[in-house]
Amino acid sequence: MTEFEKRYDGLTVEKQMQKYWEENKIYDFVPDKSRPLYSIDTPPPTVSGSLHIGHIFSYTQAEMIARYRRMCGYNVFYPFGFDDNGLPSERLVERETGIKACDIPRSEFCGKCIEVTQRYESEFMDLWKTMGFSCDWNLVYSTCSSNTQRLSQKSFLELAQKGHAYIKESPVLWCTECQTSIAQAELDSKELDTHFHYIPFTIDGEVLEIATTRPELLFGVVCVFVNPEDERYKDKVGKMVKVPLYDFEVPLLTDDKVAVDKGTGAVMCATFGDTTDVEWVESHALPYKKVVLPDGKIAADVPFIAGLRVKAARKEIIRLLEEKNLLIKSEQLTHIVSVHERCGTEVEIIPSRQWYIDVLSKREEMLAAGDKINWYPAQMKNRYVNWVENLKWDWCISRQRYFGIPFPVWYCKSCEKPVLASIDQLPVNPLETPYHGVCSCGCSEFVPEKAVFDTWATSSITPQLNLDTAENYGVDEGFMPMSMRTQAHEIIRTWAFYTIAKSLYHTGDIPWKDAMICGFVLAKPGEKISKSKSNSKLSPQQLIAQYSADAIRYWAANARLGTDMYFDIQDMQDSSRRLITKLWNSSKFVLSHLQDFDPAYQPAQILPADRWIIERTNQAILDVSRWLDEYEIGLARKIVDDLFWKDLCDNYIEIVKDRLYQPDIHGEEERKSAQYAIYYCLLSVLKMYAIYIPHETEYIYLKGFKDFVGEKSIHLTQWAKPMEIDGEIIRFGEILKDAIAEVRKYKSEKNLSMRTEIDNATVVCPENLKGLFLASEKDFMACSRAKEVIYKVEG
RNA sequence: GGACGAUUAGCUCAGUUGGUAGAGCGUCCGCUUGACGUGCGGAGGGUCAGCGGUUCAAGUCCGUUAUCGUCCACCA
């Protein structure tokens, strides 16, 4: 054993250990058919800004599982990735450079994107390494690499050929700020103050009051709806209604969806105010009147407000209505509107030609897939089910943006029919590669598709990306479904859902067997930590530099899976430092008594106290394994904490101390028995803690255990696999602890030192355990400093 | 409006086959114990949100109410 420093210097040790792991390739993936594969589908973090403590929290929890599985004998395949294309990254680049994508040539903007995202990625990677992540960094992928482009385009072509991906002209959710179509999953809701404006339409020369929040869409009104049961309007249904200000007429129709008690019970249907309008246009075969343009301005042919932005147009219309005495009243109203999650802009619905992936018709299959996956914690499945059941739109995958994977598609110049690239020419950018061929209509001129894939369209194939990587290592058979997916609960509706959808199309099966759904770190109730808010001023880098990675990891493990936590720096510091120091000191003590230890020597007899702590350790190993098999790293950690702190340190070590120090009194064989026990128990505790605090445990292992064990890293050692637990010896230990506690209480109440000698101490035990106590008499006397032991048999 | 979770000691939370309420922090008292005072021992502190039910027995199971939180839906 090398000397133990007086104090453990985590910051220095962590750098040393990381270097040691890298040099010795401790975590490199090596194909090995003799061991079962455990493959992990980790979220490639979106490169949209710097990482915060929340990322550390959830990624670390999953990383611990990788370590656990490795120590259980699995060949762990744990690649990492970066999701570095698409709108989130574009917005980062726009923020960083102050340049808007639409203001410079596309190629130039994409160049800036690559530059910025690469800078962030190297920052991410450094951070993960500093945290001691046991990934194989040779397996890193990026979602904008040319290989990913190839696989993503291939995925699209396969779906298009099977008819699961299709193009159609249709109303689509549209962000006028980002000027692109978006998907249902990208909506956030926001509470907004607005006004309900009561406007007089006319029917039969009578006024028909209609309340609306969007008067700027008056020109787009195609009909008015009332509920078929509404007595007030029964005799008017089918007649024409005149739209004020514009003085054109539209029919009065009925639909069940209209709420009788909302507003005046009459609704104007404008194309398109909301999703209900879209449904109505379809179900009632209504015409479309364009009002809002993709850039958020009012169309040129709309009188009074042409060219204005939506909000200005609304103001202007209200001014006009008031001027012409056409505004009956305005009520203040707070309602929730859908906004684009990336920029907070209220979404519009605008018809355009977009590519979709069919999900609506596959609900049943997707729900069945949800049933087949093991969700941890189980109730997270509800979120998935809830989402699938409430789908309203097929998944729109085309984005009118710049830095993304191009659609491998061209269109015939005359008939607009799309033609697809062939798989062997991927990756392809149609803007750079013309299509050579002849359309079925005879035309030989083609225009390239300018849109790019939604980022999720690519990140949803991470299992396929991982498979591609695995294939390069000669691993493919049985790779799918992967062992597990880890992610936070907020992206169940996006990443988990899309991955399952794609997997069903590509493999006909689920993408992974288990889904480990982590919680979130919040600054305080309801407040998410985000880089745009000041609550994230403590960057992970600063936290690590100040408190060490092990401290943060240990804290991050203190969570119930799927449950959100609040970040409290004091709490993190206190609990982690305590444990790290305790582990250091106890290891120092134990190893100082193992100088002459021979792991090959089996003592003739293991004393009862030693048998007890060994059995307790085995019991803990079983409990910890059971929790970790369910991804409950927090509950598992608690088991180790209790074993280590209470039983091993506070009791067992105190019990055997004297035996270790004084073989002349207790006997040499008895000392060897104690050595046998402390060696096994501390090593087991270190192994269990290794997944949480990999640096310190490795450092202690290298100092004191490596020579005994042989493996060059604690992280390559295997967990013991205890058999059945001996309940009798556990009971013996409990009673022994009680007896010691009685003595301690006595001394405490008398304000005596624990070293004070006492005349006698009593052990109350059942008859069948008395033999064990008699065999432990010297231990008990040494620990209690009692000159005599009195036995009371009970039970 | 729908779904899910939470409600246990002053604070943060454990308590997974129903069987005498637990930990850490904080408080109070004590102990310089040949690993650790960044420690150790002890004490105090809880009608386990309310109500009802099942049971010999309920923090634990069922029903219901309340409060908080999250996801989804409400956009006329």
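Numbers restart at 1 for each chain; the letters A, B, ... are given by sequence-line order, proteins then strands.
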Report task. Looking only at non-hydrogen atoms, find the nearest pair between A/Arg637 and A/Tyr692 and report the distance. Result ->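 In terms of heavy atoms, the two residues are closest at N-OH, 3.1 Å.
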Report task. Please report the closest heavy-atom contact between A/Gly263 and A/Ala211, naming both atoms and the distance. Result ->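 Here A/Gly263 and A/Ala211 meet closest at CA-CB, 4.1 Å.
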Just to be sure I understand the rule, does [X] reach a base, reach only the sugar-phosphate, or reach nothing, if contact means heavy atoms closer than 4.0 Å?
X	answer
A/Gln379	sugar-phosphate
A/Asp650	sugar-phosphate
A/Met754	base
A/Lys750	nothing
A/Lys392	sugar-phosphate
A/Ile653	base
A/Cys649	base
A/Glu654	base
A/Leu192	nothing
A/Ala270	nothing
A/Ile639	nothing
A/Asn382	sugar-phosphate
A/Ser586	base
A/Val258	base

Query raised in the report: Between B/U38, B/C72, B/U33, which nucleotide gets closest to the side-chain atoms of A/Asn390?
Result: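 For A/Asn390, the side-chain atoms sit closest to B/C72.
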**Report entry** Candidates B/C29, B/C75, B/C36 - which lies nearest the side chain of A/Asn751
**Finding:**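 It is B/C29.
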Query raised in the report: What distance do A/Cys681 atom SG and A/Leu643 atom CG have between them, rounded to the nearest 0.5 Å?
Result: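 Interatomic distance, A/Cys681 SG to A/Leu643 CG, rounded to 0.5 Å: 7.0 Å.
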OP1 or OP2 of [N] versus the side-chain N and O atoms of [X]: is any pair under 4.0 Å?
X	N	answer
A/Arg578	B/C36	no
A/Arg493	B/C72	yes
A/Lys582	B/C40	yes
A/Lys745	B/A43	yes
A/Gln573	B/G24	no
A/Arg755	B/G34	yes
A/Trp645	B/C40	yes

Classify the side chain of [X] and the base of [N] as holding, or not holding, a donor-acceptor pair under 3.5 Å.
X	N	answer
A/Ser338	B/C75	yes
A/Gln662	B/G34	yes
A/Arg626	B/U17	no

Within this structure, what is the [atom1]-to-[atom2] distance between [X] and [N], rounded to whole angstrom?
X	N	atom1	atom2	answer
A/Phe520	B/G5	CZ	C1'	16 Å
A/Leu187	B/C72	CG	P	10 Å
A/Asp261	B/G1	CG	P	13 Å
A/Lys638	B/G15	NZ	P	8 Å
A/Trp584	B/C36	CH2	P	14 Å
A/Arg744	B/A43	CZ	P	12 Å
A/Trp387	B/A3	CH2	P	18 Å
A/Asp550	B/U38	CG	C1'	16 Å

Aromatic contact between [X] and [Y], with the criterion being ring centroids under 6.0 Å apart: yes or no?
X	Y	answer
A/Trp375	A/Tyr384	yes
A/His593	A/Phe589	yes
A/Phe196	A/His335	no
A/Phe57	A/Phe520	no

Query raised in the report: RNA chain B in dot-bracket, Watson-Crick or G-U pairs under 3.5 Å, [ ] crossing, | other strand?
Result: ((((((((.[[[[.)...(..]]]].(((((.......))))).....[[[[[..)....]]]]])))))))....
When the [atom1] atoms of [N] and [M] are considered, how many whole Å apart are they?
N	M	atom1	result
B/G42	B/C51	P	36 Å
B/G59	B/U17	P	15 Å
B/U16	B/C72	C1'	29 Å
B/C48	B/U7	C1'	10 Å
B/C25	B/C68	P	32 Å
B/G22	B/G5	P	28 Å
B/A58	B/G63	C1'	14 Å
B/G45	B/G24	C1'	15 Å

Query raised in the report: A/Arg7 or A/Ala266: which one's nearest nucleotide on RNA chain B is closer to the 5' end?
Result: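 Upstream on the strand: A/Arg7.
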Query raised in the report: If you pin A/Asp574 and A/Val337 to their nearest nucleotides in RNA chain B, which one's is more 5'?
Result: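 Its nucleotide being nearer the 5' end, the pick is A/Asp574.
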Requested in this report: If the plane angle is over 60° it's perpendicular, under 30° parallel, otherwise tilted; pick one for A/Phe497 and A/Trp387.
Outcome: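 A/Phe497 vs A/Trp387 ring planes: perpendicular.
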Query raised in the report: Looking at side-chain heavy atoms only, is the closest gap between A/His284 and A/Val222 below 4.5 Å?
Result: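 A/His284 does not reach A/Val222 side chain to side chain.
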Query raised in the report: Would a 4.5 Å heavy-atom cut-off, applied to side chains only, mark A/Glu389 and A/Leu367 as touching?
Result: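 Yes; the side chains approach each other to less than 4.5 Å.
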Query - ring-ring contact (aromatic ring centres under 6.0 Å, His included) partner of A/Trp280, chosen from A/Phe272, A/Phe225, A/Tyr288 - result: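 Answer after filtering A/Phe272, A/Phe225, A/Tyr288: A/Phe225.
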Requested in this report: Walk me through it: do A/Gln619 and A/Ile730 pass the test side-chain contact (heavy atoms from CB on, under 4.5 Å)?
Outcome: CA-CA 9 Å; A/Gln619 192 178 40; A/Ile730 296 284; 3.6 Å; yes
